[in-house]
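Below is one structure, written out as structure tokens, with a few remarks after it.
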There are 2 protein chains.
Amino acid sequence: MLARREPVTLRSLVAGTGASTMAVYTHFGGMPGLWSAVRQEGFGRLAARLSAVERTDDPVRDLMALGAAYAKNALDFPDLYRAMFDAAADLEDADAADSTFAQLVECAVRAREQGRFDRDVQPLDVATRQWLFGHGVVSLVLTGVLPAASLDAHVPPMAEALFVSAGDSLETARASVRDGWATFSSAR
Amino acid sequence: MLARREPVTLRSLVAGTGASTMAVYTHFGGMPGLWSAVRQEGFGRLAARLSAVERTDDPVRDLMALGAAYAKNALDFPDLYRAMFDAAADLEDADAADSTFAQLVECAVRAREQGRFDRDVQPLDVATRQWLFGHGVVSLVLTGVLPAASLDAHVPPMAEALFVSAGDSLETARASVRDGWATFSSAR
DNA sequence: GAGTATACATAGCATCGTTATGGAATGAGC
DNA sequence: GCTCATTCCATAACGATGCTATGTATACTC
């Protein structure tokens with residue numbers, strides 16, 4: 001686990017393909033363009049995972065299920081996740097990221113409309129904070145600073161605290177977090 | 001702000017010094033050793049900043065003040081922060097990181113002893129979760145994904161939610177967070 | 001003062017991303 | 001069907017990278 005990564009070099013990429021280094025330049029314009037394409041692929045897979053999350057009549061559960069899908073996607077494609085967030089992304093990459101983040105905001109809006117959150121809380125803030133600590137724990141796990149078990153140990157309690165602070169009751173928040181996070185633990 | 005970083009190369013380092021590239025090998029053993037020394041320096045500065053935080057009789061305020069010092073240190077030395085957490089750290093680097101993290105745990109222990117947190121909460125968990133979302137927002141700000149104002153916008157509410165979930169009352173948590181975070185905003 | 005060890009400058013090596021150049025394949029126009 | 005233009009990419013080379021080998025000072029020991 002977390003094997004030592006050998007560097008991704010242009011020549012090592014084209015080594016087994018029979019192609020030469022020039023193919024990368026005709027199709028991607030160079031290594032930065034290739035990395036940008038990798039990030040696009042990463043955000044594309046993430047968007048597909050989030051879109052595949054079932055939407056129920058419990059928006060807080062859906063919010064947690066989206067977080068679970070986010071974490072699971074990061075563990076399934078760790079190198080892709082690092083490529084997406086290690087370097088400063090380009091503007092076009094940011095667009096792809098925004099379209100995935102919008103799915104989180106949408107659930108937060110729905111939660112406020114159903115009265116689960118206070119009227120004066122901004123759904124954008126709730127979504128940002130959930131993404132914020134989700135990224136924190138995921139990136140620390142992927143760099144090997146924290147063990148993988150930290151996800152199960154810290155994400156549900158943090159999410160519950162966040163949703164309660166947004167106005168949800170402790171009981172409903174706990175139940176929704178449990179149901180939503182179950183989609184992570186069950187799928188490994 | 002967030003200027004395009006020119007890569008840190010061995011030859012560019014020794015260019016202005018009049019020394020040759022071999023000096024790096026006698027003193028650091030190569031570029032990985034040099035980066036390890038940079039991380040040691042970074043953790044040393046962080047530990048000094050945290051140690052300089054005034055400890056009061058309000059441990060929750062101190063917890064938030066440590067978080068403020070952590071964020072301020074990251075903004076003051078952004079390249080150092082990236083060097084510390086971008087790459088997977090060595091084991092000796094992890095030791096230096098643990099010694100700074102211990103200061104957070106100590107405050108959490110004190111908060112539980114004073115009855116601010118429930119008896120069944122683990123101080124290590126509270127400290128970990130605070131560091132966890134702190135690292136999330138700081139790293140996203142440093143990579144340019146989120147604006148710098150996100151720190152003021154999200155860290156205090158997240159910390160308040162965390163402390164309340166640990167057992168602190170909403171009023172005392174809010175006051176302690178405000179007092180502790182003031183050490184960040186006032187010092188820029 | 002002789003002998004030894006440390007420190008580092010010079011030069012060179014393999015490899016990196018990138019560019020220049022030329023040739024083969026493809027398609028359009030008549 | 002022939003010609004021309006364009007696209008695509010293999011070959012080769014360039015500058016720069018981290019690193020190693022070698023030799024030569026300097027400093028320290030006895």
Side-chain N,O (A/S20) to OP1/OP2 (D/dT11) below 4.0 Å: no
Euclidean distance, atom CG of residue B/L34 to atom P of D/dG18 [Å, nearest integer]: 10 Å
Sugar-phosphate only, base, or nothing, as touched by B/V8 at under 4.0 Å among non-hydrogen atoms: sugar-phosphate
Toward the 5' end of DNA chain C, by each residue's nearest nucleotide, A/T9 or B/R11: B/R11
Atom pair CG/OG1 of A/D179 and A/T56 - distance to nearest 0.5 Å: 8.5 Å
Chi angles and distances behind the side-chain hydrogen bond (donor to acceptor under 3.5 Å, both in side chains) call for A/R116, A/S176: CA-CA 11 Å; A/R116 297 285 293 270; A/S176 295; 2.9 Å; yes
Identified side-chain contact (heavy atoms from CB on, under 4.5 Å) partner of A/F77 from the options A/K72, A/M84, A/R45: A/R45
Test log, rule side chain to side chain contact (heavy atoms under 4.5 Å, CB included), inputs B/D168 and B/V60: CA-CA 9 Å; B/D168 202 7; B/V60 176; 3.8 Å; yes
Outermost nucleotides of DNA chain C that come under 4.0 Å of a non-hydrogen atom of chain B: C/dC8 to C/dG12
Main-chain N/O of A/A127 paired with A/R129 side-chain donor or acceptor, under 3.5 Å: no
Reported CZ-to-OG1 distance for the pair A/R61 and A/T172, which is rounded to 0.5 angstrom: 14.5 Å
Sugar-phosphate, base or nothing in reach of A/V24, heavy atoms under 4.0 Å: nothing
Sequence-aligned protein contact record of nucleotides 20-28 of chain D, with B where the base is within under 4.0 Å of a protein heavy atom and S where only the sugar-phosphate is: BB-------
Between OH on residue B/Y70 and CZ on residue B/R49, distance to nearest 0.5 Å: 13.0 Å
CG on A/L13 to CE on A/M31, rounded to 0.5 Å: 6.0 Å
Between C1' of D/dC9 and CG of A/L10, the distance in whole Å: 13 Å
